Amino acid sequence: MGIDLTDRTAVVTGGAAGIGRGIAIELAREGADIVVADLDDEPTLPEEKERGTTVEVVEEMGHEAEFVKTDVTDENQVSSLMDVAAEEFAGIDILVNNAGIAGRGKASETTLEFWNKVLAVNLTGPFLCAKHAIPYLVESDQGRIINISSQGSKRASGTNTAYCISKAGISHLTRSLAAELGSEGVNVNGIMPGPVRTEMMADVLDDPEQRQTYLDQMCVDYYGVPEDIGRVAVFLASEDSRYVTGHEVAAEGGWLVN
Ligand code: NAI
């Protein structure tokens with residue numbers, strides 16, 4: 001039998017657009033109901049806008065979906081998000097910590113304000129979401145946390161310092177939460193995407209020179225789409241991954257081995 005996420009509820013942060021939207025749609029394809037937690041429910045890229053909001057797409061697929069306006073850096077909003085999701089969907093089974101922002105720049109040129117902002121969204125946000133989802137996830141018979149890191153968590157970059165450090169942090173959050181929650185029946189894993197054409201990366205990947213620089217570092221000769229990350233999330237959300245916890249799947253076209 002294939003993967004079946006029927007009757008599972010997934011909270012996907014940053015699920016209105018990009019990779020989070022791709023993850024939400026792929027989880028719904030396997031039967032999950034979706035809570036989209038984002039600053040705004042409007043998608044960003046023209047092709048996303050044409051198809052409708054994530055909630056509309058998931059509902060068209062025949063599953064329940066709700067948007068809850070949430071800033072993942074605000075603990076009160078995060079706490080309320082998890083309470084609302086659990087109340088309306090009778091629990092939470094899957095948390096996808098996907099919301100994130102770019103953090104380009106050299107350390108020598110990074111302001112403290114920018115550093116704090118990148119870490120607040122990319123690292124403190126996932127911590128807060130996990131903290132407030134845990135009471136519900138342990139009630140699930142198959143609790144799952146999926147943290148979206150980056151191939152940048154593994155390789156130093158002299159020009160992307162705050163971002164890469166925030167992503168190295170979330171990678172270790174994955175391991176720490178796995179150690180804490182394994183005996184409670186909650187598996188915690190991560191995904192390290194490589195370049196995916198979203199609002200965050202459109203300027204880079206639409207520039208032929210920059211795109212080629214990326215492709216030259218990879219094994220494959222194409223960059224990813226949000227659904228590529230969504231399919232990995234489906235596996236990590238499912239019963240099939242019951243013996244996998246504390247690890248990260250690289251979905252990066254071979255960037256890390258080239
Ligand atoms: P995106 O910019 O297309 O989407 C990010 C989503 O997060 C947006 O909907 C945005 O509104 C939301 N968001 C931002 N700050 C938020 C906050 N404080 N609270 C709630 N929601 C917030 O970006 P993309 O590319 O889809 O990125 C998703 C995740 O994937 C991020 O964590 C990013 O670091 C990671 N990633 C992306 C890669 C890429 O090539 N696109 C590569 C590696 C990792």
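Note that the structure is a prediction, hence the values are computed from the model and not measured. Whatever order the structure lists ligands and atoms in, that order sets their numbers, starting from 1. Positions are given from 1 along the sequence.
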Is the contact between [X] and ligand 1 made by the side chain, the backbone, both, or neither, using heavy atoms and a 4.0 Å cut-off?
X      : value
Pro226 : neither
Thr70  : backbone
Glu199 : both
Arg21  : neither
Asp71  : both

[X] near ligand 1, heavy-atom distance under 4.0 Å?
X      : result
Gly125 : no
Thr13  : no
Gly152 : no
Tyr223 : no

(request) Nearest heavy atom to atom 1 (P) of ligand 1 wins, so pick from Gln77, Met192, Gln151, Met200. (result)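 Considering heavy atoms of Gln77, Met192, Gln151, Met200, the nearest to atom 1 (P) of ligand 1 sits in Met200.
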(request) Measure from atom 5 (C) of ligand 1 to every heavy atom in Ala16, Gly100, Gly20 and give the option owning the shortest one. (result) Gly100
(request) For a side-chain contact (heavy atoms from CB on, under 4.5 Å) with Glu66, tell me which candidate from Val84, Val36, Ile34 qualifies. (result)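 The option that passes is Val84.
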(message) Given Val234, which partner from the list Ile23, Ile3, Ile229 fulfils the side-chain contact (heavy atoms from CB on, under 4.5 Å) test?
(response)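 That would be Ile3; it is the only one of Ile23, Ile3, Ile229 passing the side-chain contact (heavy atoms from CB on, under 4.5 Å) with Val234.
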(request) Assess whether atom CD of Glu47 is packed by more than 12 heavy atoms of other residues, nucleotides or ligands within 6.0 Å. (result)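 Yes, CD of Glu47 has more than 12 neighbouring heavy atoms, counting only those of other groups under 6.0 Å.
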(request) Please indicate whether Lys49 has more than 12 foreign heavy atoms, meaning atoms of other residues, nucleotides or ligands, lying under 6.0 Å from its NZ. (result)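 Result for NZ/Lys49: enclosed.
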(message) Which residue and atom name correspond to the protein heavy atom nearest atom 25 (O) of ligand 1, and how close is it?
(response)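 That would be Thr198 OG1, 2.5 Å.
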(request) Distance to 0.1 Å, residue and atom name: give those for the protein heavy atom nearest to atom 43 (C) of ligand 1. (result) Pro193 O, 3.3 Å
May I ask you to check if ligand 1 and [X] share an N or O to N or O distance below 3.5 Å?
X      : answer
Asp38  : yes
Ser150 : no
Thr73  : no
Val196 : yes
Ile19  : yes
Asn98  : yes
Val72  : yes

(request) With Glu30 as reference, evaluate His63, Arg8, Arg231 under the side-chain hydrogen bond (donor to acceptor under 3.5 Å, both in side chains) test and give the passing residue. (result)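 Testing Glu30 for a side-chain hydrogen bond (donor to acceptor under 3.5 Å, both in side chains) against His63, Arg8, Arg231 leaves exactly one candidate, Arg231.
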(request) Begin with the C-alpha distance, continue with both residues' side-chain angles, and end with the deciding distance and a verdict on salt bridge (Lys or Arg N to Asp or Glu O under 4.0 Å) for Asp203 and Arg211. (result) CA-CA 9 Å; Asp203 60 334; Arg211 180 173 62 236; over 6 Å; no
(message) For residues Ile146 and Ile25: do they belong to one hydrophobic cluster (side chain heavy atoms under 4.5 Å, members Ile, Leu, Val, Met, Phe, Trp, Tyr)?
(response) no
Does a donor on one side chain and an acceptor on the other come within less than 3.5 Å for [X] and [Y]?
X      : Y      : answer
Thr53  : Glu42  : no
Asp83  : Tyr136 : yes
Thr174 : Asn147 : yes

(request) Would you mind checking if Asp41 and Lys69 are paired as a salt bridge, meaning a charged N to carboxylate O distance below 4.0 Å? (result)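 Between Asp41 and Lys69 there is no salt bridge, as every charged N stays at least 4.0 Å from the carboxylate O atoms.
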(request) Applying salt bridge (Lys or Arg N to Asp or Glu O under 4.0 Å), run through Arg155 and Glu252 and close with a yes or a no. (result) CA-CA 13 Å; Arg155 269 172 67 169; Glu252 34 60 285; over 6 Å; no
